[in-house]
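These values consider heavy atoms only, across backbone and side chains, with no hydrogens, waters or symmetry-generated copies.
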Amino acid sequence: MLHLQSWKDMERCVEVNPTFGNQINITYDGLLSKSGADRVFIHCGYGDPQNWRDVTTIGMDRTTRGWEKAVPMKNHTITFCFKDSANNWDNNSGSNWIAQA
């Protein structure tokens, strides 16, 4: 079981909540969403936040709260950012987001 505290980046509209096992739920209602993106993807990787491994891009689900997706953590960490179907990115001004348990 993860010992991850829920957190929210109010300014950039990103929320992270533990779900079950090694999964976390990420909610995004930031810049891309507010700019009318028809699809939003979470782009994530594992390990050193400066040198991502096992990088993947996963489509998120549109909800009343924005875009959401449950994703696994590996070794209690995940680094992530977002992109839309037009290849516009929201990477937290180059800092990305990091969830650690």
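Minimum heavy-atom separation, I78 to C44: CD1-CB, 3.7 Å. The nearest pair of heavy atoms linking A37 to R62 is O-NH2, 3.8 Å. Across every non-hydrogen atom of K8 and E15, the tightest pair is CE-OE1, 3.5 Å. The minimum heavy-atom distance between C81 and W52, with the atom names listed, is SG-CH2, 4.2 Å. Smallest separation of non-hydrogen atoms from S6 and N17: OG-OD1, 2.7 Å. Scanning both residues, R39 and W67, for their nearest heavy atoms gives CA-CH2, 3.7 Å.
Inspection of the S85 and D38 side chains reveals an N or O donor paired with an N or O acceptor under 3.5 Å.
Here the NZ atom belonging to K74 is positioned 4.0 Å from the CG atom belonging to D54, to the nearest 0.5 angstrom. The line from CD of Q100 to OG1 of T77 is 4.0 Å long, rounded to the nearest 0.5 Å. To the nearest 0.5 Å, atoms CE (M60) and OG1 (T27) are separated by 7.0 Å.
Remark: S35 engages L31 in a side-chain contact (heavy atoms from CB on, under 4.5 Å) (not counting sequence neighbours).
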(Q) Before you tell me yes or no, could you show the steps for D90 and V14 under side chain to side chain contact (heavy atoms under 4.5 Å, CB included), namely the whole-Å CA-CA distance, both residues' side-chain angles and the distance that decides it to 0.1 Å? (A) CA-CA 11 Å; D90 184 350; V14 174; 6.0 Å; no
Output, in order, the C-alpha distance, side-chain angles, deciding distance and verdict of side chain to side chain contact (heavy atoms under 4.5 Å, CB included) for K69 and I26.
CA-CA 5 Å; K69 195 65 173 179; I26 298 175; 5.7 Å; no
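Taking hydrophobic clusters as Ile, Leu, Val, Met, Phe, Trp and Tyr residues chained together by side-chain heavy-atom distances below 4.5 Å, I98 does not share a cluster with I24.
Two residues are said to be in side-chain contact when any heavy atoms from C-beta on lie closer than 4.5 Å; V55 and H43 meet this criterion.
With N87 contributing its side chain and W89 its backbone, the two residues share no donor-acceptor pair below 3.5 Å. No side-chain donor-acceptor contact under 3.5 Å links N91 to the backbone of N96.
Between D29 and the options K34, R65, R12, a salt bridge (Lys or Arg N to Asp or Glu O under 4.0 Å) holds for only K34. Remark: of the listed residues F82, F80, F41, F82 is the sole one forming a ring pair (Phe, Tyr, Trp, His ring centres under 6.0 Å) with Y28.
Sparse packing is recorded around CG of N75, with 12 or fewer heavy atoms of other residues, nucleotides or ligands lying under 6.0 Å away.
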